[in-house]
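For reference, the structure is listed below as structure tokens.
When reading the values below, keep in mind they use all heavy atoms of this one structure, side chains included, and skip hydrogens, waters and symmetry mates. Quantities reported herein were computed from a predicted structural model and do not represent experimental measurements.
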Amino acid sequence: MIGFEVGSAVTGTVSLIPRPGAIGIIVDLDGETEGFVDVLSLPRQVESWPAVGTRTTFEVLDRRPGQIRLWPLDARFRSGPLGNGVSEDDWRARKSRYPVGVTLTAEVSQAFVSDGSYFVRYEGGWSLLEGEGDLPAVGSRAEYEVVRHLDTTRRTLLRPVGK
């Protein structure tokens with residue numbers, strides 16, 4: 001799944017709308033794999049959803065076994081800003097406090113055995129990480145490096161220091 005890292009922008013073509021208004025859409029990512037856009041990310045009116053055959057760009061929100069979850073980058077095809085509950089002022093402050101390359105200490109708040117991912121919380125924010133190997137214990141603290149800020153979804157990507 002190289003090229004489908006969390007936070008990356010990908011281009012795909014809507015290939016299926018299984019139950020319009022109920023589930024979401026399936027996106028063909030150039031024949032390599034499929035992605036999924038949840039109904040909650042799409043406009044309330046099904047008529048505003050991208051039609052089968054529409055080619056557009058998405059941000060990779062999450063990767064799970066057999067599924068890549070996507071967020072439409074074209075504002076016409078989404079329910080509104082994702083924002084993750086972070087105001088514009090708070091987002092600017094977080095980016096200023098934790099610029100790319102800085103190291104911070106964070107605590108594991110949730111870990112998911114099903115896909116190896118885990119959430120970490122740090123002062124003023126949180127991040128979802130893809131697991132590599134054994135999951136860290138909930139409550140454990142470690143050092144993480146800020147890799148990237150994703151303005152569209154107001155998320156900060158981290159990686160464990162030394163990886």
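Side-chain contact between Leu128 and Val6 is absent, with no heavy atoms from C-beta onward closer than 4.5 Å. The shortest distance between side-chain heavy atoms of Ile25 and Leu16 does not fall below 4.5 Å. No side-chain heavy atom of Leu42 sits under 4.5 Å from any side-chain heavy atom of Ser48. Using a 4.5 Å cut-off on side-chain heavy atoms (C-beta onward), Tyr98 and Glu123 make contact. For the pair Leu61 and Arg155, the minimum side-chain heavy-atom distance is below 4.5 Å. Trp126 has its side chain out of reach of Leu158: every pair of non-hydrogen atoms, C-beta onward, lies at least 4.5 Å apart. Counting heavy atoms from C-beta on, the side chains of Phe77 and Thr54 come closer than 4.5 Å. For the pair Pro72/Thr56, no side-chain contact is recorded, criterion being any heavy-atom separation below 4.5 Å from C-beta on.
In this structure, Glu88 places its CD atom where more than 12 heavy-atom neighbours from other residues, nucleotides or ligands lie under 6.0 Å away. No more than 12 heavy-atom neighbours from other residues, nucleotides or ligands sit within 6.0 angstrom of CG on Asp134.
Interatomic distance, Phe36 CZ to Leu70 CG, rounded to the nearest 0.5 Å: 9.5 Å. For the atom pair Thr152 OG1 and Leu73 CG, the distance stands at 5.5 Å (nearest 0.5 Å). Taking CH2 of Trp71 as the reference point, atom OG1 of Thr153 lies at 8.5 Å (rounded to 0.5 Å). Within the model, atoms CZ of Arg159 and CZ of Arg148 stand 12.0 Å from one another, a figure rounded to the nearest 0.5 Å. The structure places CZ of Phe112 at 9.5 Å from CG of Leu135, a figure rounded to the nearest 0.5 Å. Between atom CD1 of residue Ile68 and atom OG1 of residue Thr33 there is a gap of 4.5 Å, rounded to the nearest 0.5 Å.
In this structure, Tyr144 and Tyr118 have tilted ring planes: the angle between them lies in the 30° to 60° band.
Ser117 and Glu130 form no side-chain donor-acceptor contact under 3.5 Å, judged by distance and modelled atom types alone.
The two atoms that bring Val52 and Ser15 nearest to each other are CG1-O, 3.9 Å, heavy atoms only. Across all non-hydrogen atoms, the minimal contact from Ser127 to Leu129 is O-CD1, 3.8 Å. In this structure, Leu150 and Glu59 approach most closely via the heavy-atom pair CD1-OE2, 3.6 Å. In terms of heavy atoms, Trp49 sits closest to Gly24 at CZ3-O, 3.8 Å. Between Val60 and Glu5, the shortest heavy-atom distance links the atoms CB-O, 3.4 Å. Shortest non-hydrogen contact noted between Arg121 and Ser109 is CG-OG, 3.7 Å.
Hydrophobic clustering keeps Leu157 apart from Val102 (ILVMFWY residues linked when any side-chain heavy atoms are closer than 4.5 Å, directly or through intermediates). The cluster map of Ile, Leu, Val, Met, Phe, Trp and Tyr, joined by side-chain heavy atoms under 4.5 Å apart, puts Phe119 and Leu104 in different clusters. In terms of hydrophobic clustering, with Ile, Leu, Val, Met, Phe, Trp and Tyr side chains grouped at heavy-atom distances under 4.5 Å, Val161 and Val108 are assigned to different clusters. A single hydrophobic cluster is not seen to contain both Ile26 and Val46; linkage of ILVMFWY side chains at heavy-atom distances under 4.5 Å, directly or through other members, places them apart.
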Could you please spell out the steps behind the side-chain hydrogen bond (donor to acceptor under 3.5 Å, both in side chains) verdict for Glu143 and Thr105?
CA-CA 5 Å; Glu143 297 294 309; Thr105 301; 2.4 Å; yes
Trace of the salt bridge (charged side-chain N to carboxylate O under 4.0 Å, His left out) decision for Arg154 with Asp90
CA-CA 10 Å; Arg154 295 189 184 159; Asp90 288 344; over 6 Å; no
For Glu107 and Arg141: C-alpha separation, side-chain torsions, deciding distance, then whether salt bridge (charged side-chain N to carboxylate O under 4.0 Å, His left out) applies.
CA-CA 4 Å; Glu107 181 176 313; Arg141 297 175 62 80; 3.6 Å; yes
Determine whether Thr13 and Arg55 satisfy the following criterion, side-chain hydrogen bond (donor to acceptor under 3.5 Å, both in side chains), listing intermediate values before the conclusion.
CA-CA 4 Å; Thr13 304; Arg55 188 162 176 77; 3.1 Å; yes
